[in-house]
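Letters A, B, ... are given to chains in the order of the sequence lines, protein chains preceding strands, and every chain is numbered from 1. Since the structure is predicted, the reported quantities are computational estimates derived from the model, not experimental observations.
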Amino acid sequence: MQSLSARVERTTYGVGVSMTSNPPTTNAPSIPVSPEDDPLLRGLTDQQRVAVTTTEGPVLVLAAAGSGKTRVITRRVAMLLQMGIPAWQIMALTFTNKASGEMRERVSALLRHRPDADRVGRGLTISTFHALCARLLRRYAGLLEGQPSWIKPDYTIYDMSDQNALLKKIIKDLELASSNWAPRAVGSAISAAKNDLKDARAYAAEASDFYEKTIARIYDKYEAGLRAANAVDFDDLLLLTVRLLRESDEAREEVQQRWRYLMIDEYQDTNHVQFVLSTLIVGTDEGKPTNVCAVGDPDQSIYGWRGADISNIMDFERTYPGAVTVPLGQNFRSTAPILHCADTLIRNNQQRPHKDLFTTAEGGELPLVVHCRDERHEASVVLEYFRGLREGTTAHGTDIEELAWKDMAVFYRNNALSRVVEDELRNAGVPYVIARGTAFYQREEVKDLIAYLRVTANPADEVSLQRVINKPSRKVGKTSLTRLEMYASSRGITLFEALRDAHEIEGVSKMAAGGMTRFVSMIDEWNGAGSFMGTSVSGSLAQLVERILEDSGLEKHYVTMAAKSQREDDESKVDNLREMVSSAADFEEEFDLDNDPGMGPSVDELRAQREALARALDLDPDDIDDADLPAAASQETKKDPPLLGLLRAYLERVSLVADADQVDPQSGAVTLMTLHAAKGLEFPAVAMVGLEEGLLPSMRSFESAENQEEERRLAFVGITRAMDHLMITSARYRTMRGLRERTIPSSFLKELPEDGVLVSDQAGDDDLMRPRNRREEPEAWDDYEFDQRDPAERRAKRSQGEPSKHADGLEVGVSVRHPQFGTGTVAALSGYGVNRRARIDFDDAGAKTLILAYARLEVVG
DNA sequence: AGAGGCAATTTTTTT
DNA sequence: AATTGCCTCT
């Protein structure tokens, strides 16, 4: 952070274009200078224009929130294409798939007027770090075959739950108590090590205390487990790609030959591995021009907990001598009051380069801060706010142009907070979408199907194999499976290979062996017995998924279950499986081989195309505009990829979806999402809920000033998403994990400009703790008189007094009323004391299990 | 072998 | 409130 303050003076925001002392490197771009001459420069500020036109040499764009960052990157890409740089030499790395999709769209929109619009952008690499690495590994992993702890190109990507499953198994095998060694915590320790480019050996070498030494042992086994399953975790994608580019001259040379222009978005959130990776792609030591352009904003760094390293952006100029720094300080998104609010808040961060956010826009209303009674009240306040906006009235009572639902968004610190808002919107009939794209793939039935697909693509994948070997039942029980595992490990073969010997394994029953054999031949049929697919198996991806769904008996399994239980829940499982088939079909439809660095044409092929054309036209290859390439050249490579390749690509996509990817701005619905997912987006109206101590800032951030500042940046990100209207709310009481607790308004609220927001206290608090005015609001928990017993004790106390009150006379068959779900009948009773529950079939709301201690149930009649 | 009951735990954010 | 894991019963 030392360099931070030193740098401040040089890169002041908003004071024209400031550059570093070093002059821009060699050949300045030969592009039209007058902005009016070129549609790509039209409407840009001076700074933006510099960022777009300084295409050669290292460039750092310090882009404040709402300063037109995406605009700059897309125009820059279009500019490169216009200069005749082949699309396949250009790479742009983004944070989410959605951002890359959007960028691709916007670039092609900029090129739409060209007669060759359909071809000129073909082969552009716009991707996330993780997706890029996944593809490079598919393509080049074979080059390092046989290296210790290396993977085969048909590897599987393990998500967090697969990772936890593996860790849990290892922790158990090492005979460690899972209570002391939570897979989750161990996983993040390992992840931190990987983000620091430390493998198991390096970590073990540095481990000093018992804790670290134990982690080292687990790490070692974990790595071995992943490699045995030919699997990688998210961090490995980056880590192994770094290894690939370092250890394989061929891979590195191809990569460095191919990509000559690199752009990295959200640079403040890149971690150490990503940094190293980018230098390897750029190839700083090869005498090749370092055409790298990083775009980011230190004030929006919100992934420190995931290893994001702010010094990547702070030290850019030191890494790339001669770098041009372009500050973009003018905000084009928000009204002045919203911007003032954000700016005042973020100035409370000490570790930060000074900069001014400014706008030339005038007018705009003050953001609202509303203190609510509880979370339900809070949700209703948000609903009313949105309703007003939709009808063209703000909370200030002024008339505005009516907003649509899609113009509004609710942000919260953690996913649990969405529920109440969701309920409120649903009851009011307001359409909403929750940005939780990953949730679908976490569902039991979907994970089952994915596990089948994964085993088909990579039979070594043990976690997936274990998941489905007996689902639906093939009479393969726990005992047989344990024997199988022993057999496999004693011979050093994979579980799948062991399955082939099922009948010879001691201790495996005839019945179980039969099931195992059937399982193996099924997989063999799907993937052509590893011989490999694409040659022996034909058809479309959707057909394959369909076939697997049928042959495996998985669909039948869930259909039967739904028929038996009659539960809506179970019926939707069948729908979800069908949904997977159509998503596979969609994927197949959209998949573009040319834009996939994993399967598309090689650098040599790309270059050969150019050279052939150059010869034909009697030109220097460097003078060839890619757009001149005959359509046929492009068509040629557009042959159908083999089915196996398609399956891998599909699984890869499924593994790398992010929550934010699902947001569809056209959906016509209110968007609900976490503050993290909101990064990079904007909405005319925003409501931020749950501004309370322990929530935002989060409880865990109390530990360090750094974490507190990151929380503040998170609030800053939220505020700066709002274009015209902003409401920030807190609830005085909030029920979390079944306990209603008194809260303290977020300290950040006090950091908002005194006269820059309109505060409305609707908490309706009548007890002594109510502060007389905002200024005298208590500073900390200590200023409140509150129940100091620990939560377990409070819970116990609660359980003694309340549960029986309404539960009297409650037995199966009795009619009851619930304030929210209406009337229903008791279907079952279970548990005692605090845990006494009743399953109730509500007339309208369906079946629910309620804890009597908390449910406000009333016996009817 | 598998379903279902019951108790304990839950401490963010996510590629 | 919701999830997970262990235990028991069929």
Between the protein and nucleotides 4-8 of chain C, list the N/O to N/O atom pairs that are separated by less than 3.5 angstrom.
unit_1 : atom_1 : unit_2   : atom_2 : d
C:dG5  : OP1    : A:Lys168 : NZ     : 2.2

Of all residues at least two apart in sequence or in a different chain, which pass the ring pair (Phe, Tyr, Trp, His ring centres under 6.0 Å) check with [X]?
X	value
A:Tyr211	A:Trp181
A:His676	A:Tyr303, A:Trp305
A:Tyr267	A:Phe316

Looking at residues at least two apart in the chain, or sitting in another chain, which of them share a side-chain contact (heavy atoms from CB on, under 4.5 Å) with [X]?
X	answer
A:Glu706	A:Ser704
A:Val654	A:Tyr441, A:Ile450, A:Tyr650
A:Glu571	A:Ala562
A:Thr70	A:Thr74, A:Arg106

Hey, is A:Glu223 close enough to A:Lys194 for a salt bridge, meaning N to O under 4.0 Å?
->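 Salt bridge: yes.
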Taking atom P of C:dA1 as reference, at what distance in whole Å does atom CD of A:Glu375 sit?
->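 For the pair A:Glu375 CD and C:dA1 P, the rounded distance is 11 Å.
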Identify the pairs formed between an N or O of the protein and an N or O of nucleotides 12-15 of chain B at a distance under 3.5 Å, and give each distance.
unit_1 : atom_1 : unit_2   : atom_2 : d
B:dT12 : O2     : A:Arg413 : NE     : 3.0
B:dT12 : O2     : A:Arg413 : NH1    : 2.4
B:dT12 : O2     : A:Arg413 : NH2    : 2.4
B:dT12 : N3     : A:Arg413 : NH1    : 3.1
B:dT12 : N3     : A:Arg413 : NH2    : 3.2
B:dT12 : N3     : A:Ser698 : OG     : 3.0
B:dT13 : OP1    : A:Asn415 : N      : 2.9
B:dT13 : OP1    : A:Asn415 : ND2    : 3.4
B:dT13 : O4'    : A:Arg413 : NH2    : 3.4
B:dT13 : O2     : A:Trp305 : NE1    : 3.2
B:dT13 : O2     : A:Arg413 : NH2    : 2.3
B:dT13 : O2     : A:His676 : NE2    : 3.4
B:dT14 : OP1    : A:Thr674 : OG1    : 3.0
B:dT15 : OP1    : A:Asp659 : N      : 3.3
B:dT15 : O4'    : A:Arg306 : NH1    : 3.4
B:dT15 : O2     : A:His130 : NE2    : 3.0

By salt bridge (charged side-chain N to carboxylate O under 4.0 Å, His left out), which residues pair with A:Asp199, not counting sequence neighbours?
->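 Scan of A:Asp199 (salt bridge (charged side-chain N to carboxylate O under 4.0 Å, His left out), adjacent residues dropped) gives none.
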In chain order, what residues pass the salt bridge (charged side-chain N to carboxylate O under 4.0 Å, His left out) check against A:Asp309, with sequence neighbours excluded?
->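 So A:Asp309 forms no salt bridge (charged side-chain N to carboxylate O under 4.0 Å, His left out) with any residue.
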Is the shortest side-chain N/O distance from A:Arg737 to OP1 or OP2 of C:dT3 below 4.0 Å?
->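 No, no such contact exists.
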Gap in Å between the two P atoms, one belonging to B:dT13 and one to C:dT4, rounded |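 So the two P atoms sit 14 Å from each other.
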Protein-nucleic acid N or O pairs under 3.5 Å, nucleotides 1-3 of chain B:
unit_1 : atom_1 : unit_2   : atom_2 : d
B:dG2  : OP1    : A:Asn470 : ND2    : 3.4
B:dG2  : OP1    : A:Ser473 : OG     : 3.0
B:dG2  : OP2    : A:Asn470 : ND2    : 3.3

